[in-house]
Amino acid sequence: MQSAMFLAIQHNCGQVERSSPGGCQKNEEKRGKMKKTILKDWKTRLSYFLQNSQNTSNGSLNMGQNKRGKKNAYCRPTPEEAKSWSETFDDLLASKYGVAAFRAFLKSEFSEENIEFWLACEDFKKTKSPHKLTAKAKKIYDEFIEKEAPKEINIDFQTRENIMQTMQEPSHSCFSAAQRRVYSLMVNNSYPRFIQSEFYQELCQPVPQMPSEPQAT
């Protein structure tokens, strides 16, 4: 929806510019405000995902520390670490903060089903219990694979049919072809846009230091 609004503004700008130079100034201002709103939305979503991750991993713990006082893996990364995500997509996926940031970005593009499916497959492949494997396979199929599923991913008909035929006795590799397809879509489309985004560029900047208050004498 947000992307559609951008395109509409750009189209209107082109029409006005042809008829009167500088007549699109108001639309340009709207675009600037819209970009700031989207950037703020990414930050809000990222904070939400990180908070949920911390709560899941550490219960009621907060402040990015565990019971032993060790630094939690979800704390804000250094600019150097954030910059390393641009080297390869796998570097980003290896960072829990990087995954959360990328997921927040995809959610702003209304395509978070791709990273959610990929993460679900990673968890699925680590499942040892046959009973849990079957239950997780059905959940993944109902949520991502089935036609008109709530978070249907973009895969071809044959891949979908092959997965459906394995649902009676699912194996750890039953979603492998679909996972490779989704990985390819992310690495070739969403990932480059994420690296070019203002949100990612901001993560690569040093965090401004708050001036210390003068001590009372």
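Owing to the predicted nature of the structure, the values given are computational and were not obtained by experimental measurement.
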Determine yes or no for a side-chain-to-main-chain donor-acceptor pair under 3.5 angstrom, with His172 supplying the side chain and Thr127 the backbone.
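Indeed, once roles are kept as given, a pair shorter than 3.5 Å links the two residues.
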
Does Thr78 use its side chain to pair, donor to acceptor, with the backbone of Glu81 at less than 3.5 Å?
yes

Any side-chain donor near an acceptor of the partner, Asp91 and Thr88, under 3.5 Å:
yes

Rounded to the nearest 0.5 Å, how far apart are [atom1] of [X] and [atom2] of [Y]?
X      : Y      : atom1 : atom2 : answer
Lys138 : Lys136 : NZ    : NZ    : 15.5 Å
Ile155 : Asn162 : CD1   : CG    : 9.5 Å
Asp90  : Trp85  : CG    : CH2   : 14.5 Å
Ser184 : Gln179 : OG    : CD    : 12.5 Å
Leu92  : Ile115 : CG    : CD1   : 7.5 Å
Met186 : Phe194 : CE    : CZ    : 12.5 Å

Heavy-atom distance under 4.5 Å between the side chains of [X] and [Y], does that happen here?
X      : Y      : value
Tyr141 : Cys174 : no
Trp118 : Leu93  : yes
Arg181 : Thr159 : no
Ser86  : Tyr200 : yes

[X] and [Y]: which non-hydrogen atoms are nearest, and at how many Å?
X      : Y      : result
Ile163 : Thr166 : O-OG1, 2.7 Å
Cys204 : Pro79  : O-CB, 3.2 Å
Ala178 : Ile153 : CB-CD1, 4.3 Å
Pro170 : Thr134 : CG-CA, 3.8 Å

Given the rule that I, L, V, M, F, W and Y join up when any side-chain heavy atoms are under 4.5 Å apart, are Ile145 and Leu185 in one cluster?
no

If hydrophobic clusters are built by linking Ile, Leu, Val, Met, Phe, Trp and Tyr wherever their side-chain heavy atoms come under 4.5 Å apart, do Tyr183 and Ile195 end up in the same one?
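The answer is yes; both residues are in one hydrophobic cluster.
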
Taking Arg160 first and then Glu152, would you say they form a salt bridge - that is, a charged N and a carboxylate O separated by under 4.0 Å?
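Yes.
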
Glu143 and Lys151 ion-paired at < 4.0 Å
yes

Check the surroundings of atom CD in Gln201: do more than 12 heavy atoms from other residues, nucleotides or ligands lie under 6.0 Å from it?
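Yes, the 6.0 Å shell around CD holds more than 12 heavy atoms from other groups.
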
When you look at CD of Glu80, are more than 12 heavy atoms from neighbouring residues, nucleotides or ligands closer to it than 6.0 Å?
yes

In terms of the angle between their ring planes, are Phe124 and Phe175 parallel, tilted or perpendicular, with boundaries placed at 30° and 60°?
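Ring orientation, 0 to 90° scale: perpendicular.
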
Report the relative orientation of the aromatic rings in Phe102 and Phe89; use parallel for angles under 30°, tilted for 30 to 60°, perpendicular for over 60°.
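Phe102 vs Phe89 ring planes: perpendicular.
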
Glu116 and salt bridge (charged side-chain N to carboxylate O under 4.0 Å, His left out): which partner among Arg103, Lys107, Lys139?
Arg103

